[in-house]
Amino acid sequence: MTVEAAFYEDLEITPDATTPRKGKRRFLFMRNAKALTGLVILGFFFLIALIGPWIAPYDPNERSSAILQPPSWQHLMGTTHQGQDVMSQLILGTRSVLVIGFVAGTVATVIGVLVGVTAGYIGGFGDESLSALSNVFLVIPQLPLIIIIAGQLPSAGGLTVALVIAATGWAWGARVLRAQTLSLRKRDFVEAARANGESTWRIITAEILPNLTAIIAAGFVGTVGFAVLSQITLSFVGITPTDEWNWGTVLYWAQAQLALQRGAWWWFVPAGLLIALFGMALTLINFGIDEFVNPRLRSVGLNARSMRKRKIRPRIGFTPVVYEAKEDRA
Amino acid sequence: MRFFTRRIVFYAITAWAAITINFFIPRIMPGDPVSALIAKNQGRISPDAAEALRALFGLDEDMSLWDQYVAYWGLLLHGDLGISFTYMAPVVDVIRQALPWTIGLVGIATIISFTLGTLVGTGIGWRRGTWMDGLLPLSTFFSAVPYFWLALIAISLFSVTLGWFPASGSYDRSLVPTLSWEFIGSVIYYGFLPAMTIVVSSIAGWMLGMRNMMVTVSSEDYVTVAQAKGLKERTVMMGYAARNAILPQVSSFALSLGFIVGGTLVMEIVFSYQGIGYYLFSAVNAKDYPLMQGCFLVITFAVLLANMAADVAYGVLDPRTRQEG
Amino acid sequence: MSSPHEDPPDAPVLQAIDLRKHFPVRGTRNRKVVHAVDDVNLELYRGRVVALVGESGSGKSTIARLLAQLMPVTGGQILLHGQDATAKNRTAFHRYVRKVQMIFQDPFGSLNPVHTVRYTLTRSLKIHRGRLRGVELEAALDELLDRVQLRPAARYIDKFPHELSGGQRQRVAIARALAAEPEVLLADEPISMLDVSIRLGILNLLRDLRDRLQLAILYITHDIASARYFADRTMVMYAGRIVETGDSESVTQDPKHPYTQLLVRSAPDPDDLESRARGARGEAPSLVAPPTGCRFNPRCPFATDLCRTEVPPLIAVGEGREAACWGYSDRADRPSLGSVLDAYGERPVVDAALLDVITEGDR
């Protein structure tokens with residue numbers, strides 16, 4: 001930029017930047033192909049969870065004489081050793097999985113935000129004790145702890161499991177948030193807000209938290225994934241009651257009835273695929289958030305040809321920051 | 001030095017917390033497991049075992065909670081973890097027999113996964129826009145799949161259908177554990193499938209982490225300077241970029257030890273691999289409380305030790321931590 | 001606008017008396033402290049600018065934060081309109097902050113990247129001027145932006161900080177401070193991070209505000225040339241202490257303290273290439289264990305034993321001028337001062353052998 005241009009720019013004659021309005025800017029994140037795919041898949045699961053009871057062809061507990069049948073037109077995913085329809089079990093299981101996953105994820109994230117941001121902001125002894133607390137929870141291995149607690153509870157159904165998972169899994173997010181808050185706290189705009197007379201509460205909620213949304217979102221998504229996986233593992237292992245249908249219990253029965261050895265692949269393959277699909281959806285959303293926050297990662301997915309088209313030659317130590325939208329090229 | 005002191009203090013606190021949690025869990029859970037157990041196992045529990053049990057679970061009504069706690073610590077420091085109901089043997093012995101298997105399996109699988117993942121991640125992160133980028137979505141899929149399902153698939157594929165590997169067990173039952181080639185070969189044979197499953201499902205995490213860090217680090221100025229000095233590309237990639245990018249990997253490795261343990265647990269259950277996770281699981285099912293608690297304690301301590309080792313490694317790798325404060 | 005306080009024109013608005021700030025050094029056993037600020041006396045008057053000049057680590061930013069009451073003082077007093085202004089609670093701090101505002105060095109850092117200009121200024125208005133809504137709020141926002149020469153206001157009001165240039169951001173930061181209708185503006189290196197071509201615009205804006213609003217401005221900078229352009233009085237800081245004060249013209253044209261002489265000569269003068277060849281030796285001293293006596297003595301070519309043992313007070317050296325140097329005192333053992341640059345002589349040529357050693361070690 002020439003000296004004159006800079007001079008004028010400072011005063012009045014700014015080129016009218018055609019930046020998108022505030023509303024559109026928020027959804028730039030949505031344009032990311034990965035995140036969009038993830039959200040679509042997630043939406044599909046939500047739909048199934050919602051309308052499950054109506055679209056499931058059979059009652060999952062209903063037995064029939066069609067024992068251990070491979071997929072057919074009557075039973076799209078085959079039947080179990082008692083003639084129960086596998087697909088109905090999976091469909092109805094979706095609701096339980098999603099509810100527990102999101103409840104656990106929400107509770108864990110809330111605890112994590114409270115502990116992490118507070119620790120990062122107040123510093124001193126409060127910070128030391130809160131970090132010690134979260135570090136302890138972080139180091140103690142979660143699954144054995146969950147298994148022991150759940151194994152000793154008389155009835156470890158649904159929400160109880162969700163709460164136990166949340167109680168053991170909040171520490172990760174808290175630690176990340178604390179580190180971020182510590183670095184944000186030193187930034188000038190926090191000091192400026194203090195110098196302007198803002199109250200501590202408002203500084204935390206209105207100045208610091210908005211800068212943390214990306215991390216909190218990513219943490220939430222990750223925690224949901226972890227919660228779902230934990231719950232399914234628990235069901236598979238047989239700790240949670242086996243009459244509540246979810247994807248894990250399907251696998252539990254499959255293994256208990258030696259589906260592997262009997263070659264009844266339709267019993268255990270679809271359940272796993274669903275879990276993988278769900279996990280992948282969450283990971284994709286997280287990728288999208290990552291790339292949105294760190295523009296350097298955006299171009300990594302581009303293949304060589306499309307980069308050459310844009311006349312960018314990837315070299316060592318050179319990271320092209322590629323804009324997602326045309327409007328961004330101010 | 002301060003860094004290490006702080007970490008040691010932290011681990012001491014965590015160890016104490018783990019022991020205390022272990023102490024409290026049976027006491028705050030509803031129901032009285034021990035009496036029911038004793039009733040169930042009429043006559044099969046020796047008075048000594050019953051005593052140890054009472055101390056472990058604090059069912060001596062005449063002792064205050066604090067006294068029970070102290071007694072519990074007393075037992076622990078004597079190396080007495082109680083007597084297992086199912087095996088009628090001291091818990092310590094059961095665990096001592098099972099632990100090497102778990103450590104062997106986890107250790108080897110994790111090391112392979114970490115090393116391979118980090119190396120591949122380094123390569124992918126360094127050279128962008130090549131075919132290697134395609135590896136990433138593939139491995140992400142594998143890591144979204146739960147360990148145990150992958151294990152089931154692996155079993156059904158390699159064991160049932162192809163018959164290449166055995167479906168369960170840690171070694172051929174007809175062999176007696178000795179340090180012979182035959183035995184070791186059998187161990188490797190039986191352990192291959194579980195280890196491979198662990199590697200395949202966890203490698204994506206290391207790859208992704210390392211690749212992200214390499215992308216960030218390779219745009220730093222000191223890498224450009226190293227390049228400008230005319231050093232070989234491999235030297236720059238390894239000695240400058242990777243050396244710095246690996247630091248977060250080490251710390252995330254330390255943090256993920258808890259998860260690794262959880263995954264191995266399930267792995268052992270699926271493969272009936274006789275490690276500590278398997279025993280923990282069967283203890284939970286059989287309501288064998290001493291064994292359950294003993295396993296949990298040992299697992300936690302193992303994770304703590306591994307964390308400490310990772311901290312030492314981090315302190316060695318990152319000179320900034322060795323400075324004051 | 002609030003009516004100006006009923007001060008006689010010669011009474012200072014903000015006064016710092018014997019200000020001292022020591023930071024504890026963490027982790028050491030023998031309670032070491034960083035002597036960031038020692039024995040600083042400062043007066044700010046309405047409609048006049050005082051410049052505080054010093055190098056990095058001299059303590060000038062700390063003084064700004066002490067005066068803004070962002071951190072407590074270790075010793076000394078802050079007087080606002082002659083009264084002790086130490087804010088002991090939230091309301092007292094609020095009242096103080098209405099009168100004394102601060103602008104920061106980094107124009108990007110001092111604005112929250114997730115908030116628009118509108119939000120930032122509205123917050124400031126809400127805190128200091130109470131409930132303003134609708135048309136009144138819009139009018140107030142327009143007026144603020146107009147005051148900092150961002151016209152038309154509509155073009156800037158809904159922008160995010162990263163959509164503005166450095167100069168524009170700094171103007172927004174100034175507008176935020178003005179929303180409080182302060183009497184004192186503490187400007188901590190407001191132009192150091194701006195492009196050179198923009199700096200003049202901002203300084204002119206500040207000067208304009210000084211005249212129209214009769215602000216008392218504390219202008220902190222490391223660039224003594226801009227102090228001469230903009231400030232009425234200049235104070236020079238070194239290692240946490242004031243070493244010279246006086247009106248800007250005299251201090252920059254005829255510096256008395258050896259350190260000020262170095263500072264002034266180091267300002268690039270394209271007409272005098274000769275003097276640029278000569279330079280100062282040494283680095284800034286450690287503030288944890290500062291040199292005994294005059295803190296400049298390790299770098300001063302005229303230092304005597306007196307300088308190494310006793311801290312010099314500010315001694316009058318002319319009309320309204322003071323310098324903290326024993327050379328201007330009556331003591332028998334005082335140093336005899338000359339031209340600092342003559343004393344230093346030519347800068348040494350870089351040792352070629354040394355260069356080889358450096359590049360060798362990297363292979």
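Considering all non-hydrogen atoms of both residues, B/F10 and A/N135 come closest at CE1-CB, 3.0 Å.
In terms of the side-chain contact (heavy atoms from CB on, under 4.5 Å) criterion, residue partners of A/L98 (sequence neighbours excluded) are, by chain and number, A/F45, A/F46, A/A49, A/T94, A/F102, A/F278. Residues meeting the ring pair (Phe, Tyr, Trp, His ring centres under 6.0 Å) test with A/W170, sequence neighbours left out: A/F137. With sequence neighbours left out, the ring pair (Phe, Tyr, Trp, His ring centres under 6.0 Å) criterion links B/F296 to no other residue.
Within a 6.0 Å radius of CZ in A/F44, other residues, nucleotides and ligands contribute 12 heavy atoms or fewer. For CZ of A/R175, the number of neighbouring non-hydrogen atoms (other residues, nucleotides, ligands) closer than 6.0 Å is 12 at most.
Both the backbone and the side chain of A/L273 come within contact range of chain B, with heavy atoms under 4.5 Å apart.
At a heavy-atom separation below 4.5 angstrom, chain B is approached by A/F226, A/L229, A/I232, A/T233 within residues 224-234 of chain A.
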